[in-house]
Amino acid sequence: MITSVLIALLRTALDNAHSADELPLIGDDIAIQIETPRNKQFGDYSSNIALTLKKATGISDSRDLAQRIVRHFPENAHVTRLEIAGRGFLNFYLKPTWLHDAMLTIEAQDSAYGTNSTLNGETILIEFVSANPTGPISVVNGRAAVLGDVLASLLKSQGAKVSREYYINDALNSLQLEKFSASVAVRYSQYLGHPVVVPPADEDSEEVIEAGIPETIAEKPSIHFPKDGYRGEYVKDIARDIYAEVGDRLESATEEERTAYFRTATLEHTIASQRGALGAFGVEFDTWFYESSLYAENSVEKSIERLKAQGHAYEKEGALWLKSSDFGDEKDRVLVRSNEKATYVAADIAYHVNKFERGNTKLINIWGADHHGYVARLKAGVAAAGYDPKNLDIILTQMVSLVRDGEAVIGGKRKGNVIELKEDLVDDIGRDAARFYFLLNSYETPATVDVELAKRQSNDNPVYYVQYAHARLVNILRRAEEQGFTLQPAERVERDRLIDPAELDVLRKLTDYPAELTSAAKEYAPHRLTRYAMEMASLLNGFYENCRVLPSKDEPTPPELTQARLALVNAARIVLRNLLVVLGITPVEKM
RNA sequence: GCGCCUGUAGCUCAGCGGAUAGAGCGCUUGCCUCCGGAGCAAGAGGGCGCUGGUUCGAUCCCAGCCAGGCGCACCA
């Protein structure tokens with residue numbers, strides 16, 4: 001990396017100045033920072049070292065300080081000019097050689113360009129989405145879905161082993177599942193021809209009687225829809241699917257048989273549809289983990305017993321409490337209720353112990369901000385169970401509020417107005433546009449999504465700008481071949497012909513890629529990459545405008561220059577493609 | 001009351017303690033015999049919620065206040 005070269009040169013300059021008695025000794029504890037200036041006029045790189053050294057040296061005139069450093073800056077192969085600017089910034093202007101040489105690295109590493117091995121040895125489990133199995137994946141889930149998915153790719157790019165997991169809250173004591181499957185059961189009966197009496201949803205509405213499907217000819221007794229049942233259309237869809245599978249076989253089943261059947265079938269269908277919706281969004285999970293499996297293997301019980309044995313739990317008021325206040329939580333929490341049922345957190349502790357026991361060294365959970373109050377509790381539980389809570393990172397994505405044409409949409413599965421990720425967004429604007437849309441901003445910002453606006457603007461989605469830039473690169477290479485050019489390795493090309501600012505801008509951007517990838521991974525900030533992608537696309541468009549690659553009537557580019565530019569085009573193609581792959585966006589070759 | 005997140009251009013949002021605060025959309029103007037116009041060039045538009053503080057330097061860090069969101073269960 002060129003920045004480490006510059007840091008070393010600056011270090012030498014400081015030492016030289018000290019030897020010449022112009023500066024006091026500057027220890028290694030003072031970090032030298034190199035940054036890329038926002039504005040190109042301030043050089044390729046700059047350093048604020050003279051400003052930061054004011055206190056340590058006792059020299060209050062930072063320009064004077066800067067001069068002392070510059071005076072002792074060693075001769076070297078990279079820096080053509082070193083200027084003092086503003087209050088004492090050192091601006092480095094570099095020979096383009098280092099940029100040209102970047103093409104060699106990019107070509108050699110190809111699809112591995114940008115990756116590194118700093119996280120080798122880490123096994124990371126990212127659990128995300130984990131929506132309740134009582135309905136479809138909503139648009140709101142899109143944010144966590146794409147965040148987790150890209151984060152997994154990012155961490156892989158840094159050398160970690162990563163898996164994606166979805167947790168299914170299907171515990172047997174889950175009331176919501178009973179209500180949900182009961183709702184499906186009623187709708188199923190509707191498909192058998194029973195009219196359904198739907199109670200008023202709220203004070204302002206009235207009871208509705210819906211006819212059976214098909215409309216009954218013979219009189220069939222009507223069935224009452226549960227008062228707090230799930231009213232969404234998707235409930236009918238599941239019922240219809242089940243009806244298609246089993247016909248009227250359940251008509252004569254006993255109440256117990258029906259309940260048991262619908263519980264299982266409803267869960268299966270819901271999960272299948274969730275998996276399908278996420279798949280359409282480009283998100284695939286390595287494991288779908290059933291909460292019920294923890295109970296089936298007695299893991300919850302065992303985990304509670306262990307906490308008790310280790311003295312982290314106690315009985316009070318008929319319940320079993322976790323001494324979570326010993327582990328950073330603000331108060332103790334109930335593990336087993338006085339009715340002897342385990343709480344959600346008890347199961348969750350067992351689940352996270354299970355994650356660690358599977359050999360994961362680091363756990364990342366992505367939750368909605370509404371679960372914030374739960375973080376300290378789970379971390380305390382994990383700590384009590386003997387694991388370091390530092391190895392459990394909980395990312396809280398801020399809420400996504402839905403707006404339709406400027407009007408707030410109050411979502412809710414019970415009420416039935418779920419805006420679905422797949423049906424209402426992905427199917428309309430496509431996977432790439434939908435992903436890019438969510439990846440555009442930080443998960444820490446509460447976001448507003450206007451589905452109608454998102455659809456209307458889909459053609460203006462920046463994703464097309466980026467994909468377009470990639471397609472053009474591919475197209476130039478294809479056209480070159482048609483015109484009889486053979487792509488030469490960057491090594492055999494006259495690289496020093498690439499001196500146009502537009503060319504150097506592109507090259508500079510390409511050299512930033514590994515650092516961008518690393519910082520996006522480190523800070524869990526995929527949105528930086530979408531911004532970076534747009535900037536790169538913009539620079540590429542500038543390059544197309546200013547630098548004709550293939551010879552034409554008006555611009556008879558000499559063959560040597562064409563070859564050099566083709567190598568540049570190819571390098572850019574590699575980087576842009578790698579970037580799009582990490583983001584899970586299709587690197588299209590034609591649009 | 002306590003905790004977390006947020007407040008930057010008309011809208012949606014970037015901004016990694018630094019030099020003239022950015023992008024996309026929208027708006028205005030110009031550019032299609034030429035590798036893809038889903039493009040390019042130029043312009044109008046904000047001084048970063050408010051007040052203090054730390055710092056050579058604050059949109060960024062700290063404190064207080066104002067505003068919005070989300071939490072503070074023997075629900076999941």
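Below, read A as the first sequence line, B as the second, and so on, with proteins coming before strands; counting in each chain starts at 1.
A319(A) comes within 4.0 angstrom of a nucleotide base, judged by non-hydrogen atoms across all strands. Using a 4.0 Å heavy-atom distance criterion, K55(A) is classed as a sugar-phosphate-only contact. Residue S519(A) is out of contact with every strand shown, counting any heavy-atom pair closer than 4.0 Å. Contacts of A469(A) with the nucleic acid, taken as non-hydrogen atoms under 4.0 Å apart, are absent. Among the atoms of the strands shown, base atoms are found under 4.0 Å from some heavy atom of Y344(A). Counting any heavy atom pair closer than 4.0 Å across all strands shown, H371(A) reaches a base atom. Looking at heavy-atom distances under 4.0 Å, E330(A) makes contact with sugar-phosphate atoms alone, never a base. Across all strands, E481(A) comes closer than 4.0 Å to no nucleic acid atom at all (heavy-atom distances). Within 4.0 Å (heavy atoms only), E444(A) reaches sugar-phosphate atoms of the nucleic acid but no base atom. Among the heavy atoms of the strands, none lies under 4.0 Å from R478(A). When heavy atoms are screened at a 4.0 angstrom cut-off, K331(A) is found touching the sugar-phosphate backbone but no base atom.
The number of heavy-atom neighbours closer than 6.0 Å to CD of E482(A), taken from other residues, nucleotides and ligands shown, is above 12. Crowding of K590(A) atom NZ: a count of heavy atoms from other residues, nucleotides or ligands under 6.0 Å not exceeding 12. A 6.0 Å sphere centred on CD of E481(A) holds no more than 12 heavy atoms belonging to other residues, nucleotides or ligands.
The nucleotide whose nearest atom lies closest to any side-chain atom of M399(A) is, among rC70(B), rC4(B), rA76(B), rC70(B). Listed nucleotides: rA76(B), rC70(B), rC35(B). Nearest to the side chain of N169(A): rA76(B). Looking at the side chain of R333(A), the nearest of the listed nucleotides rC35(B), rG68(B), rA73(B) is rA73(B). Side-chain proximity of Y464(A) to rA38(B), rA76(B), rC13(B): nearest is rA38(B). The side chain of P462(A) lies closest to rG24(B) when the candidates are rC74(B), rC70(B), rG24(B).
rG46(B) and rU8(B) have their P atoms separated by 15 Å, given to the nearest Å. Atom name P, nucleotides rC13(B) and rG7(B): the rounded distance is 10 Å, in whole Å. Rounded to a whole angstrom, the distance from the P atom of rU20(B) to that of rC48(B) is 15 Å. Atom name C1', nucleotides rG68(B) and rA73(B): the rounded distance is 26 Å, in whole Å. Taking atom P in both rG15(B) and rA9(B), one finds a spacing of 15 Å when rounded to whole Å. Remark: the separation of the P atoms in rC16(B) and rA21(B) is 15 Å, to the nearest Å. The C1' atoms of rG69(B) and rC74(B) are separated by 29 Å, rounded to the nearest whole Å. Distance noted for atom P between rC27(B) and rG22(B): 23 Å (whole Å).
Remark: L177(A) CG to S292(A) OG distance equals 9.5 Å, nearest 0.5 Å.
The base-pairing partner of rC4(B), taking Watson-Crick or G-U wobble contacts with both distances under 3.5 Å, is rG69(B). Base pairing of rG22(B) is made with rC13(B), judged by Watson-Crick or G-U wobble geometry with both donor-acceptor distances under 3.5 Å. Across all strands shown, rG43(B) forms a Watson-Crick or G-U wobble pair, both distances under 3.5 Å, with rC27(B).
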Tabulated below should be each protein N or O lying under 3.5 Å from an N or O of nucleotides 26-32 of chain B; please produce it.
none

I'd like a list of close polar pairs between nucleotides 41-50 of chain B and the protein, N/O only, cut-off under 3.5 Å.
none

Protein and nucleotides 8-11 of chain B: nitrogen or oxygen contacts under 3.5 angstrom:
none

Taking N or O atoms only and anything under 3.5 Å, show me the protein contacts with nucleotides 60-62 of chain B, one pair per line.
none

Show each protein N/O and nucleotides 17-23 of chain B N/O combination with a separation under 3.5 Å, one pair to a line.
from    : atom 1 : to     : atom 2 : distance (Å)
rG18(B) : N7     : N48(A) : ND2    : 2.7
rG18(B) : O6     : N48(A) : ND2    : 3.4
rA19(B) : OP1    : R38(A) : NH2    : 3.4
rA19(B) : OP2    : R38(A) : NH2    : 2.8
rA19(B) : N6     : S46(A) : OG     : 3.0
rA19(B) : N6     : N91(A) : OD1    : 3.2
rA19(B) : N1     : N91(A) : OD1    : 3.1
rA19(B) : N1     : N91(A) : ND2    : 3.3
rU20(B) : O4     : Q41(A) : OE1    : 2.5
rU20(B) : O4     : Q41(A) : NE2    : 3.2

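We find that D505(A) and K509(A) are not joined by a salt bridge, their nearest charged nitrogen and carboxylate oxygen being 4.0 Å or further apart. A salt bridge between K355(A) and E127(A) is present, with a side-chain N of the basic residue lying under 4.0 Å from a carboxylate O of the acidic one.
With hydrogens and angles left out, the side chain of S338(A) and the base of rC74(B) share a donor-acceptor pair within 3.5 Å.
Between W321(A) and Y314(A), the ring planes are parallel. Angles under 30° get that label, and only those over 60° would be called perpendicular. F289(A) and Y351(A) have tilted rings, their planes meeting at an angle from 30° to 60° on a 0 to 90° scale.
Glycosidic conformation, rC32(B): syn, with the torsion inside 90° of 0.
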Apply the test side-chain hydrogen bond (donor to acceptor under 3.5 Å, both in side chains) to residues S338(A) and E317(A): give CA-CA distance (whole Å), side-chain angles for both, the deciding distance (0.1 Å), then the verdict.
-> CA-CA 8 Å; S338(A) 42; E317(A) 295 160 4; over 6 Å; no
After noting the C-alpha distance and the side-chain angles of L539(A) and R508(A), does the key distance pass the side chain to side chain contact (heavy atoms under 4.5 Å, CB included) rule?
-> CA-CA 10 Å; L539(A) 293 175; R508(A) 217 184 316 270; over 6 Å; no
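The side-chain contact (heavy atoms from CB on, under 4.5 Å) search around Y465(A) returns A537(A), S538(A), N541(A), not counting sequence neighbours.
Between the P atom of rC35(B) and the CZ atom of R479(A) lies a distance of 7 Å, rounded to the nearest Å. Between L320(A) atom CG and rC74(B) atom C1' there is a gap of 11 Å when expressed in whole angstrom units. Between E535(A) atom CD and rG15(B) atom C1' there is a gap of 10 Å when expressed in whole angstrom units.
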